[in-house]
Asks: 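Let me begin by handing over the structure; questions about it come next.
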Amino acid sequence: MKKTVIEFRNFSFKYRAQVQNTLTDINLTIAQGEKILIAGASGSGKSTIGHCINGLIPHYYKGEITGNLFIQGKDAAALEIFDRSKMIGTVLQDSDGQFVGQTVGEDIAFALENDCVGQNEMIPRVSRVSRLVDIEQHLHAAPQDLSGGQKQRVSLAGVLVDNVEILLFDEPLANLDPATGRYAMEMIDDLAHETGATVIIIEHRIEDVLWRPVDRVVLIDEGKIIRDTSPLYVTALSYAGIQLTEGMRLSHPSRIDPETIQEPLSCWYRQEIKEEPAPNRDIVLTLSDVSFSYTADREVLHKISFDIRRNEMTAIVGKNGAGKSTLCKLICGFEKPTDGKIMLAGKDLNGVSIRERADKIGFVMQNPNQMISQIMIRDEVGFTLKLRDMPKDEISDSVNESLQICGLYPFRNWPISALSYGQKKRVTIASILVQKPEIIILDEPTAGQDFRHYTEIMEFLQSLQQRGITILLITHDMHLILEYTKRAVVIADGRLIADDSPARVLTDESIIKPANLKETSLLTLADKAGFEDPFDFVKHFIAADREARHTPCHP
Amino acid sequence: MKLNTRTIVAIGIGAAVFLVLNRFVSIPSGIPNTTINTAYAFLAFLAVLFGPIAGALVGFIDHALTDATAYGSIWWSWVIVSAFVGAIIGLAWKRIDIEKGIFGGKEILTFNIYQIVANAVGWGLLAPVLDIIIYAEPSDKVFLQGAVAGLANIVTIAVIGTIFLAIYAKTRTKTGSLSKES
Amino acid sequence: MSSVKMLSYIKRDTPVHNLCGVTKLVVFLAWTIVCMLSYDTRVLLVTLCFSLIIFKLARIRWREVRFVLAFIGFFLLLNDVAIYIFSPEEGVNIYGTRHVLFQFSSRYTVTKEQLFYLFNVTLKYLTVVPVALLFLITTDPSEFAASLSGIGITYRISYAVSITLRYIADIQNDFHNISQAQQARGVDLSKNVSLKKRISGIASIAVPLIFSSLERIDLISNAMDLRGFGKHKIRTWYSARPFKTADYIVLAGMVLFVLVGLYVTFHDGERFFNPFVP
Ligand SMILES: Nc1ncnc2c1ncn2[C@@H]1O[C@H](COP(=O)(O)OP(=O)(O)OP(=O)(O)O)[C@@H](O)[C@H]1O
Ligand SMILES: Nc1ncnc2c1ncn2[C@@H]1O[C@H](COP(=O)(O)OP(=O)(O)OP(=O)(O)O)[C@@H](O)[C@H]1O
Ligand SMILES: [Mg+2]
Ligand SMILES: [Mg+2]
């Protein structure tokens with residue numbers, strides 16, 4: 001039998017400020033070399049479990065622990081955070097916070113410096129590890145010069161350099177584009193095989209994590225462990241009436257035996273599904289030949305042109321650093337295009353102030369901390385209304401409605417500082433919703449959201465769309481664009497390379513590659529089942545799924 | 001006293017925030033071309049949160065870096081005074097338990113007494129004396145300069161520093177105070 | 001809003017750049033101390049000449065420092081005017097003689113002593129400028145913390161400085177994003193609203209900046225703890241530059257320079273060089 005490295009025994013935890021337990025009666029055993037995915041709703045306690053393992057609880061977060069936790073056979077209560085750092089390497093979600101060195105090399109060496117390793121040993125070790133994660137070209141680069149994916153690699157190198165036996169990742173994919181995310185999962189998997197390390201991944205993007213097999217999925221709900229999982233292709237299989245059994249190796253579609261699925265899948269696929277007609281509406285937002293650069297030496301956006309029609313939900317996709325957020329900043333007037341024109345309902349926006357644009361265009365930024373200016377949740381959501389001198393009781397009604405939509409009503413009287421990352425993101429969405437803008441731009445609205453809130457937010461956006469609001473979203477989530485949007489604008493290296501239906505974009509190799517996107521697992525599945533036109537299959541699935549979601553009883 | 005990691009990071013980040021505030025965020029005082037600088041209020045705020053050593057170091061590093069990056073050289077006399085002011089205000093840290101979320105009338109008074117003394121002695125006395133010793137500048141001039149700088153700082157810290165602390169105290173959640181409501 | 005131009009490291013391959021950071025820091029500090037203590041015109045002038053020579057050696061271009069020099073020039077001029085207004089007889093008091101050149105009013109006379117004194121004040125401020133600039137422009141910031149720790153400052157404090165240098169850009173970025181987000185939500189930052197609104201507008205930027213920074217402090221210190229920062233009494237530095245022969249030579253030269261400078265200044269028991277004494 002394999003050695004147990006982590007064992008929770010009837011473990012409960014309550015944050016100092018809380019009345020209820022955050023973790024209740026956790027029993028979890030992780031064996032050496034295992035690869036575990038911890039998933040669950042936002043605010044369910046996943047990060048809290050991570051903190052218990054790496055020692056931030058009780059080193060930093062104070063609270064009440066009952067029950068036991070053993071790490072490599074030792075009682076965790078007796079282990080200081082330094083002792084644990086020798087056994088467990090933690091990669092935090094925020095790669096900027098984790099990147100403390102002024103250059104890549106310095107950051108990778110950080111743990112070694114703290115251990116007083118001499119330069120003659122440190123330098124070769126750093127260069128060896130940097131080769132392992134493929135960052136050795138950038139050892140002298142500053143964090144500002146790296147893309148999100150590269151920073152993630154540096155974080156990984158920074159913990160690997162210490163030869164730890166347990167790797168703990170808290171949402172490693174949250175801000176990575178699909179291809180980089182996939183690459184990160186491959187890298188983690190290969191390294192784990194090479195070093196025999198135990199890997200624990202906390203992540204909402206289950207699909208992407210399952211790109212490489214995991215041994216177990218641990219599902220958390222309200223601080224308790226429940227088990228289950230259902231990535232996209234599994235749903236497709238179940239629509240087709242295929243019995244899902246243990247022996248089918250469902251961890252990844254490429255591993256599924258084609259024999260077992262071909263028959264029923266193609267049978268399902270041949271069923272008729274009605275297509276919705278493409279509506280023709282008037283144009284609200286026009287970009288024509290918009291170019292932009294932050295510094296004279298590099299153009300971030302080059303001659304971008306597209307139209308957004310009223311009532312549309314459009315996705316902007318592309319790799320990290322492609323210029324998606326920058327594009328939104330231009331639309332909102334935060335930055336001025338160096339060339340080209342942006343027009344709102346036929347009116348040139350040049351010279352229109354941020355403030356005036358904000359009446360029509362609401363923008364939810366990528367990083368919630370940069371939007372939040374108040375202490376209490378209610379004040380934050382009602383802030384804009386207060387600035388507009390709305391009467392108190394009207395503000396209160398709007399705020400309540402918006403909080404309910406975003407699933408924050410039970411927390412309405414809390415300070416924002418006690419919320420999880422995903423919950424904060426929802427606060428910022430709520431605070432834009434109260435303004436009732438005509439166009440809403442959301443920069444990665446579902447990053448860090450669990451499936452339920454994700455669905456709620458998307459369903460809600462869809463209902464807004466039906467009420468005549470135009471929605472523009474930036475996302476790295478291919479599932480999202482397939483399910484909810486009819487149109488995807490693809491940006492690669494500052495140029496617009498495609499503007500088409502999501503299903504077509506995601507089945508076109510010549511777009512996927514330069515934009516760092518990823519074909520959906522459905523495509524792999526279609527391939528496995530030997531279908532001629534995978535694009536059609538994907539379309540079929542989406543239509544079926546839409547229908548299924550609107551009928552109360554799931555198959 | 002051994003500085004813990006959090007205090008060290010606070011010194012580092014605090015100095016960076018101070019630099020940015022100093023550059024961009026100043027409040028017009030109503031008098032033309034005279035602005036109230038929020039940076040010193042932030043220094044006082046950090047000093048109360050993290051104690052005298054952090055206060056002194058943030059004052060020192062900030063002022064040295066601001067001087068160096070803006071003027072290309074460092075006026076040590078004023079750098080020392082900034083450190084001194086940070087340290088003295090930091091002494092209030094022992095008397096104000098801000099982490100527990102307590103910041104009432106008594107605490108506000110304590111904080112302001114410390115900051116007034118620190119600024120009065122620092123800018124009103126120490127800065128001019130150092131200027132006379134190092135640069136042999138005329139005493140009338142440096143005392144007036146010190147008095148003006150000191151007074152401006154006292155007012156800024158009294159208003160904005162107090163507000164910062166009050167807001168911070170509000171974010172500190174009390175034990176067992178949070179539960180979901182329906 | 002564009003970011004304000006700041007003086008910073010410019011990477012180049014010159015003898016000055018290649019010196020160890022510790023050496024440069026020691027030279028910078030010793031140089032500053034001599035300039036602070038001495039008021040001797042001869043010492044100050046020689047010092048200024050030396051620093052200009054090193055300036056050439058480091059191949060710093062005029063346009064890279066032009067704006068700072070203009071800034072300092074203006075500042076010093078203002079300072080001279082202020083001194084004159086407050087104390088037109090300061091030079092006379094110091095040098096003990098009085099050679100009137102001409103007279104504005106009964107209080108404001110222009111004397112040779114006063115002009116010489118003002119010249120010295122300006123010179124004194126000016127002499128440190130080139131060394132400070134040199135130090136800033138030729139020292140790699142990532143080596144700076146290692147240098148501080150090299151002259152005996154505890155590594156904890158040295159690391160705080162390193163964190164400042166690492167995060168200035170990030171925080172500046174945060175600031176811009178926050179200010180844009182607040183403007184989009186209706187906070188008016190323009191000059192044409194009432195004072196009260198402007199103050200509250202600025203608070204709505206300062207508050208999130210400060211509180212998101214506090215959050216950052218927690219995050220970074222957690223990340224550092226998790227990677228074992230502060231475990232031991234000492235720590236090593238990846239980016240420290242090893243000591244070479246050139247460093248020893250420069251340090252020895254510096255010691256000589258300090259001794260001579262201080263001897264020349266104080267051998268007559270006076271900080272001031274007095275050309276007016278017969
Ligand atoms: N410092 C804290 N003080 C009090 N309560 C906290 C604190 N941190 C988290 N909580 C609460 O504990 C619960 C679990 O938080 P946790 O961060 O573990 O969630 P999570 O599952 O990681 O969520 P997400 O997916 O959004 O990151 C949340 O309801 C949150 O409000
Ligand atoms: N304030 C800025 N100053 C200078 N360059 C910037 C600034 N903000 C972004 N950039 C650069 O512009 C490019 C586009 O950045 P942008 O944030 O728009 O990318 P993105 O597509 O949103 O990426 P991600 O998916 O990682 O959020 C990047 O190369 C980035 O380094
Ligand atoms: Mg979390
Ligand atoms: Mg972005």
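In what follows, chains are A, B, ... by sequence order, proteins preceding strands, each numbered from 1. Because the structure is predicted, anything quoted here is derived from the model rather than measured.
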Asks: Given a strict heavy-atom distance threshold of 4.5 Å, which part of Asp170(C) is in contact with chain A: side chain, backbone, both, or neither?
Replies: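 Only the side chain of Asp170(C) comes within 4.5 Å of chain A.
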Asks: Which atoms of Arg355(A) come close to chain C, meaning under 4.5 Å heavy atom to heavy atom: side chain ones, backbone ones, both, or neither?
Replies: both
Asks: Pick one of side chain, backbone, both or neither for Glu380(A), based on which atoms fall under 4.5 Å of a heavy atom in chain C.
Replies: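 Interface part for Glu380(A): both.
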Asks: Select one option (side chain, backbone, both, neither) describing which atoms of Ile372(A) are under 4.5 Å from chain C's heavy atoms.
Replies: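 When you check distances to chain C, only backbone atoms of Ile372(A) fall under 4.5 Å.
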Asks: Can you tell which part of Ile163(C) gets under 4.5 Å to a heavy atom of chain A, answering side chain, backbone, both or neither?
Replies: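 Neither part.
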Asks: Asp107(A) versus chain C, heavy atoms under 4.5 Å apart: side chain, backbone, both or neither?
Replies: both
Asks: So what's closer than 4.5 Å to chain C heavy atoms on Leu112(A): side chain, backbone, both or neither?
Replies: backbone
Asks: Quick one: side chains of residues 246-254 of chain C, donor-acceptor pairs under 3.5 Å with protein atoms, not counting sequence neighbours, listed by atom name and distance.
Replies:
from, atom 1, to, atom 2, distance (Å)
Asp247(C), OD1, Cys20(C), N, 2.8
Asp247(C), OD1, Thr23(C), OG1, 2.7
Asp247(C), OD2, Lys244(C), N, 2.8

Asks: Which class fits the ring pair Phe110(A) and Phe229(C): parallel under 30°, tilted 30 to 60°, perpendicular over 60°?
Replies: parallel
Asks: Let me know if Leu139(A) has heavy atoms under 4.5 Å from chain C in its side chain, its backbone, both or neither.
Replies: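 Only the side chain of Leu139(A) comes within 4.5 Å of chain C.
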Asks: Just checking, is any N or O donor in the side chain of Thr103(A) or Tyr238(C) under 3.5 Å from an acceptor N or O on the other one?
Replies: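 Distance-only check fails for Thr103(A) and Tyr238(C).
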Asks: What option among Ala181(C), Ser142(C), Pro242(C), Ala169(C) has the most heavy-atom pairs under 4.5 Å with chain A?
Replies: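 The answer is Ser142(C).
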Asks: Under 3.5 Å, which donor-acceptor pairs link side chains of residues 210-218 of chain C to any protein atom two or more places apart or in another chain?
Replies:
from, atom 1, to, atom 2, distance (Å)
Ser212(C), OG, Pro208(C), O, 2.9
Ser212(C), OG, Leu209(C), O, 3.3
Ser213(C), OG, Leu209(C), O, 2.5
Glu215(C), OE2, Asn369(A), ND2, 3.4
Glu215(C), OE2, Lys424(A), NZ, 2.7
Arg216(C), NH2, Asp174(C), OD1, 3.4
Arg216(C), NH2, Asp174(C), OD2, 2.9
Asp218(C), OD1, Tyr60(A), OH, 3.2
Asp218(C), OD1, Arg6(B), NE, 2.7
Asp218(C), OD1, Arg6(B), NH2, 3.3
Asp218(C), OD2, Tyr60(A), OH, 2.6

Asks: At a 4.5 Å cut-off on heavy atoms, which part of Tyr294(A) comes close to chain C: side chain, backbone, both, or neither?
Replies: neither
Asks: Any idea how Phe75(C) and Tyr125(C) line up, ring-wise: parallel (<30°), tilted (30 to 60°), or perpendicular (>60°)?
Replies: perpendicular
Asks: Parallel, tilted or perpendicular, judged at 30° and 60°: which one describes the rings of Trp237(C) and Tyr159(C)?
Replies: parallel
Asks: For chain A, which of Asn173(C), Ile234(C), Val207(C), Ile178(C) has the most heavy-atom pairs under 4.5 Å?
Replies: Ile178(C)
Asks: Flag yes if more than 12 heavy atoms outside His232(C) fall under 6.0 Å of its NE2 atom; otherwise flag no.
Replies: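 Enclosed: over 12 neighbouring heavy atoms sit under 6.0 Å from NE2 of His232(C).
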Asks: Find the one option among Ser85(A), Ser373(A), Ala358(A) whose heavy-atom pairs under 4.5 Å with chain C are most numerous.
Replies: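 The answer is Ser373(A).
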Asks: Would you mind telling me which of Leu79(A), Asp162(A), Val164(A), Asn54(A) makes a side chain to side chain contact (heavy atoms under 4.5 Å, CB included) with Met87(A)?
Replies: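 Only match with Met87(A) under side chain to side chain contact (heavy atoms under 4.5 Å, CB included): Leu79(A).
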Asks: Does any heavy atom of chain C fall under 4.5 Å from the side chain of Phe363(A), the backbone, both, or neither of them?
Replies: neither
Asks: Between Lys386(A) and Asp379(A), is there a donor-acceptor pair closer than 3.5 Å when you use the side chain of the first and the backbone of the second?
Replies: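 No, the answer is negative, given that no donor and acceptor are paired below the 3.5 Å cut-off.
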Asks: Any carboxylate oxygen within less than 4.0 angstrom of a Lys/Arg side-chain nitrogen, looking at Lys329(A) and Asp443(A)?
Replies: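 Salt bridge flag = no for Asp443(A) with Lys329(A).
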Asks: Roughly how far apart are Phe99(A) CZ and Ser155(A) OG, rounded to 0.5 Å?
Replies: 8.0 Å
Asks: Heavy-atom cut-off 4.5 Å, strictly under: side chain, backbone, both or neither for Gln119(A) against chain C?
Replies: side chain
Asks: Any donor-acceptor pair under 3.5 Å linking the side chain of Lys62(A) with the backbone of His59(A)?
Replies: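 Judged by distance alone, yes, a pair lies under 3.5 Å.
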Asks: Using a cut-off of under 4.5 Å on heavy-atom pairs, state which of Leu387(A), Thr428(A), Asp359(A) scores highest against chain C.
Replies: Leu387(A)
Asks: For chain C, find which of Cys332(A), Ala142(A), Gly158(A) contributes the most heavy-atom pairs closer than 4.5 angstrom.
Replies: Gly158(A)
Asks: Is chain C contacted by the side chain of Met371(A), its backbone, both, or neither, given a heavy-atom distance below 4.5 Å?
Replies: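 For Met371(A), backbone and side chain are both near chain C.
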Asks: State, with a plain yes or no, whether a side-chain heavy atom of Arg166(C) is found less than 4.5 Å away from one of Val100(A).
Replies: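 No, side chains not in contact.
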Asks: For chain C, which of Ile375(A), Val159(A), Val91(A), Val126(A) has the most heavy-atom pairs under 4.5 Å?
Replies: Val126(A)
Asks: Under a 4.5 Å heavy-atom cut-off, does chain A meet the side chain of Ala240(C), its backbone, both or neither?
Replies: both
Asks: For residues Leu134(C) and Ile60(C), determine if any side-chain heavy atom of one lies less than 4.5 Å from a side-chain heavy atom of the other.
Replies: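 The answer is yes; the side chains approach within 4.5 Å.
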Asks: Looking at Ala111(A), Gly89(A), Pro143(A), which has the largest count of heavy-atom pairs under 4.5 Å with chain C?
Replies: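 Among the listed options, the one with the most contacts to chain C is Pro143(A).
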Asks: If you count heavy-atom pairs under 4.5 Å with chain A, which of Ala223(C), Ala184(C), Ala145(C) comes out on top?
Replies: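 Most pairs with chain A among the choices: Ala184(C).
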Asks: With chain C, which of Met122(A), Gln98(A), Gln102(A) has the greatest number of heavy-atom pairs at distances under 4.5 Å?
Replies: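 Most pairs with chain C among the choices: Gln102(A).
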Asks: Measure Tyr167(C) against the heavy atoms of chain A and call it side chain, backbone, both or neither at under 4.5 Å.
Replies: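 Only the side chain of Tyr167(C) comes within 4.5 Å of chain A.
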